[in-house]
Each structure stands twice: as structure tokens, then as C-alpha cells.
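Note that the structure is predicted; figures quoted are calculated from it, not measured. Chain letters run A, B, ... following the sequence lines, proteins first, then strands; residues in each count from 1.
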There are 2 protein chains.
Amino acid sequence: MDITIKDVALKANVSIATVSRVLNQSKPVSKAVRERVLEVVEELGFNPNPVARTLIMKESRLIGVLIPGIENMFISIFVQAIEEELFKHNYTTLLCNTNRDLDVELHYLKLLKEKYVDGVVLLTSAPKPKQIQFFENHAVPVVFASHTDQEGRFSCINIDDYQATYDATRYLIQLGHRKIAFFGGPRVYVQIVRRLAGYKQALADYGIEYDEKLIYEQDYDIESGYESGMKLFRQEDRPTAICCVSDMVAIGAIRAADDSGLRVPEDISVMGFDDIPIAKAYRPGITTVRQPVYELGVQAAQMLLKQIREKEDYVPEVKLLPHEIIVRGSCMTVKG
Amino acid sequence: MDITIKDVALKANVSIATVSRVLNQSKPVSKAVRERVLEVVEELGFNPNPVARTLIMKESRLIGVLIPGIENMFISIFVQAIEEELFKHNYTTLLCNTNRDLDVELHYLKLLKEKYVDGVVLLTSAPKPKQIQFFENHAVPVVFASHTDQEGRFSCINIDDYQATYDATRYLIQLGHRKIAFFGGPRVYVQIVRRLAGYKQALADYGIEYDEKLIYEQDYDIESGYESGMKLFRQEDRPTAICCVSDMVAIGAIRAADDSGLRVPEDISVMGFDDIPIAKAYRPGITTVRQPVYELGVQAAQMLLKQIREKEDYVPEVKLLPHEIIVRGSCMTVKG
DNA sequence: CTGTTAGCGCTTTCAT
DNA sequence: ATGAAAGCGCTAACAG
């Protein structure tokens, strides 16, 4: 593979150390020499071999991004945002799909460390003990996304899951709904736990009794929403509203309503979460809790970059971005 | 960073060369020694440093995946498929979003080469001259996706764009439609050119005149479909059907119809492309041309792996996977 | 300011 | 079958 630092040194009549110095500006070099070197570099089209560099410097300009899957547009956009932001700073994204498998996650973490990635963005449930241990042992910069670390050990980027779901539920209540189902993900996710807490609190604040039977624990995708919906609509005395954990789930639920002969929003209100592009295009438009998805990704990248820059001086930060209820057509006042 | 081959050699009382040999099985080692080394490796939890290895071997177990963006679910699923297939074979995915910018593309290609990636999957329009030159100069394994190379220089994985669009158009014609709009992407993409050719041929075969005014060139996303739709529906003497370049475009078009007081499919039939999950869940279900998206990704990965394995012996192959018209609710026979 | 030299952690001749 | 030693391409003391 072509042309090395040696070739440059030779042609410029200097030592390789000098070439290295002008390229990295690590030590002063006389103007004359610097210019000659730069010229030769240009002329030969020399590019330092990043792998050799990594071996010494223990840094790779690679960032690992661990995600649970890409079936949800939220994640696609999030990843795209990270990739674009990192690209600006000359970092490249190593995409690792863990499929929610802890072993795969750990495997990837180990692999990333060996490749000397400069940092990792983790989009998984809560940091599990093994992960925590990993990051404490190896001191690789990390930011957790869609998670809020209470103990201040790790940097996090997220919205306020609790408040967002509280707001969503309250919105439904203010529309007159008293019986509101919750289509959530598995409760092993702290995200779900916190959202559920927001939901419960809203109910409590408005004197509505919490009913465990209205809680459906599935996943974040269309299929889950559909299945939960079909199950729910078979029950008698069904709710007048559903609070969903994602827009995809909402879409599944709406479809299930359709297949059950129910109209949205006339017979049942459905509230989404995320506000991915499809939420706006859907008919009816999906009333939803907007997350600033792209911004979340950008900030995840920036926090990581900051962490890399500041090293030991860096103090973990938890950043909560604002959410917003976007009113469209999938929710309405409950019929008298 | 921890434990190296030296530590193992020391503890096992052998030379580092021997350790290397048992780990790579590159030369015979006596059973006794081998076992002892393996024991120490186990005991110390030694992992060869892949970066040092890359520096010598010029291979990284990294695969670059270049995509134009992730706003379309087709790409997300495609990328996920590649990632999962590569993971099985111990390769990791470097995700590069080019945003359709040729310079970014070239930049990434250069970067990937420097990182000694073992291969790259390219999901972009046609191979442009500079890319072709790149791959010819550097001999890095590559497979083009969603593109069919006529000249047999590069491996490709795709469906038959021409035939697929021909079939879609014919389906619409057989439903009685004579005036069919085409919502496509920019014609700089060979993919679009070939699809357009299929569309035209179908019209011709059924004695329908081709009308340039019915062709809309935008992008693959919802917004594009919506804009094209709004424009189209303002015209008088509007078509009775639309043939779209993606399901997202179809969704945008349906929404536009809705906003224009048109019903789908009663007033206008809309045909999608891809069959992403949302197509099934949408109301009405979107009649569409199914691409085996996931399978496309898996095969892209496999072709690349084969290419890496066989090196010079490898003969570029063009693989076309079958498509299928999925009939749902967004298209119907033309009225009266 | 500049050159010489010793590695980073590994693979691979070349001897033995 | 095994070890010593020479690099892969680069950075960073260490001398001058």
C-alpha cells in the first residue's frame, strides 16, 4: 500500500521524525523545512497510515454506536444524526446492532475496546452491571442515550421520560378520558418504568384509579401495537384512549382498531410517541409526544466529543432535551 | 492496555513466535507446547490486538457500508441485514452516510482504504467514474446494491428494476387505468432510468401513449410524494393511478390525495414500492412491489465475504432477487 | 531545531 | 518444532 512517511522523508531530505513533527505540529520545525516537507507531502499525495498511528496513540477516530435494532425510525434518525455530527469532526461510526442481546452487547464492547475506539454511544435499556463494570475498568468515554443515570456516573442524553408521559396522559385526561390504556415496552427497561410512573402520577393527580389490566407490555414496533390493540379491543368495557410508547406502536394500534371496526379518534383516541416523519403523514395525523430525535443524536455526539477532548477533567453530565405534545388528529374529546 | 503476546510467551516459557503460531495455526506446534500456550492464553484472558495485526496483515475485519441516508426504512432494514450477517462472520460494520454527496463518498472511500477495510457495500446511484477508478486502483472487494452493472466489472445485488416496474404498471393497466402517473426519483439514478423504462414499455405494450407530464422527479421520501401529489392533483384531467418509487412516496401521495379531498383508492389508485412494514399497516394497506429487502442485505454481505475469501479467483457476479406484487387496498379498478 | 533510536503488538522469515 | 530477529508505519523520548 503505497507511500509512507519514509518516502516523504527521503524525498525531502529530512528524517522521518521531522516529517511526523510537521504533520502533527508536535514540535517546532523551521519554516523552510516545514514548507519543503509539506510540498513533498502534497506532491506524493501522502496520507499517514491511521492504523500505525492507532497502534501507538491508542486512538482510532472511530466511535462505536450500539443500538438494539433499526426497526424503529427513531433509531435510524438518531444514528444518522450521530454519524453526520461525527463526520464533521472526522470520526467514523462503527455500527453495532445488539438485537437486545446482552451477550452480543458485551461482545461488541470488548471488540470496540480492542479496536481502540475513542468512545461509544449506547442506546440500550439501563446500563447493566456488566456494562458498568466494563466502563469503569476501561475508562472509555461513553454516553448513554434514552436513559437517565441517577447516580451521576455516566453521561446521558435523553428527554424527561417521566414528565413527557405525564404530559401525554394529562392531555388525554383533559380531553375527558378516564379509562386510558398504556401500550409500553417490557418493564425491564428503565425508560418504560419511568414512563409508566409518569402515567400513573397523572392518573393519580386527576383522581383516576390505576388499573393494571390496562397496561400492555410488548415492544416498540408496529406489530406490538397491533397485537396489544387486538387484545384490548376484544375486552368489554374498553378504554377510550391509548397512550403508546412509540408512533410505530400507535400505528399498529390504529390498524387494530380499524380491523376491529373502531374509528380513530371517534371511538378511540390513540397517542403516539417520538414524532417520526410518518406520524405527520399518517391519516389521521398522529397526536404524539415529540422527541427532538435528530438533536438528541447530535448532542450525544457532541457530549462524547467533549468527553474525549477533556479526558480526566470531564465531569459526566445528564442532558434532558425538551419534549412537546404535537396535536394532530388521532385524539379527540371523549364522546358523551 | 493490558496483556500482550509477550506476557503469554513469558508465562508459557516459549517465544512469542510460538504463541503466534498456535493462535493462528500458521505452523505446526507440538501438542504439549500448544496446550500449555492455550492454557496460559485462557488463564490470562489474552486477546490478540487486532490493530497490530491489521498493520501487518493489511486486513481489519471491518466492512464499510456506504449509504445515501437513512430516511427511508428500506435502507435501515438493508443495513441491519448486512450488519447481522457480517456479525455472524466476525466482521464489523463501518457505517458511512454520504448524503448523496460525491465528495463525501470519495472521502469515505479513501478513509476506508486507509483503515484497511476488507470490503465495502455501496448503495448509491450508479458507480461514477471516480469510484470505478478507485476500485480498479485499489482492488478492494466491493458489491453494489440496488444497481445492476451491465459491464460485468462489479458484483451487484438487486432486483430487476425494469421488470418490477413493468409488472407494477401492467397491474395498474389491467385494473383499467390508462392514465398513470410516475412518481420517481431523480433521473441521474440508473435505478430510476431502468424503472422508467419498465413503465414506458408496459404502457407501450398496452397501446397507451407515454406522457412526459405525468412523470415527477423527486426523492424517495414522504415529503417528495406529498409534494408531487399536491402538484398533480391541482391539474385538471388528473390520472386515475400513480406508480411510486417507494412506499414512503406512496404514503406522501396518499396524504396529498387526502388533503385534496380525493379518496384512495376510490378516486385514485396508489402503488408503492419496497413493501416496508408500514405498507402493510397503513390504511388502506398499500399495494406495492415487494423487494426482499432483508435478503438483499444478507446476500450483499455474503457476496462480499465470498469475494474476500476467493480474492483474485473471484468472478464478479450480478444477482437479481425476485420481486412480487403485493395486493392490498390502495389500488382498485378504475371507476366507470 | 533536527536526527537517531526505541518501541506500539503482532507476523513471519531465517536459522537452528 | 522452536527461537531470534526483522519489520508493518508511525510517534516520542533522547541526544545533540
Sugar-phosphate only, base, or nothing, as touched by A:Thr18 at under 4.0 Å among non-hydrogen atoms: sugar-phosphate
side-chain contact (heavy atoms from CB on, under 4.5 Å), paired with B:Phe46, selected from B:Asp2, B:Ile5, B:Asp7: B:Ile5
Minimum-distance nucleotide to B:Lys6 side chain [options: C:dT11, D:dT11, C:dC8]: C:dC8
Sugar-phosphate, base or nothing in reach of B:Val33, heavy atoms under 4.0 Å: sugar-phosphate
A:Asn97 versus B:Glu84, side-chain donor and acceptor atoms under 3.5 Å: yes
Out of D:dT2, D:dG9, D:dA13, whichever nucleotide has its closest atom nearest the side chain of A:Thr4: D:dG9
Given C:dG3, C:dG9, C:dC1, the nucleotide with the shortest approach to the side chain of A:Ser15: C:dG3
Nucleotide of C:dG3, D:dT11, C:dC8 approaching A:Leu55 most closely (side-chain heavy atoms): C:dC8
Check: A:Thr92/B:Tyr108 side-chain N/O donor and acceptor closer than 3.5 Å: no
Nucleotide nearest A:Val14 when distance is taken to its side chain, options C:dG3, C:dT13, C:dC8: C:dG3
Under 3.5 Å side-chain donor-acceptor pair for A:Gln191 and A:Tyr220: yes
B:Asn49, nearest nucleotide to its side chain (from D:dC8, D:dC10, C:dC10): C:dC10
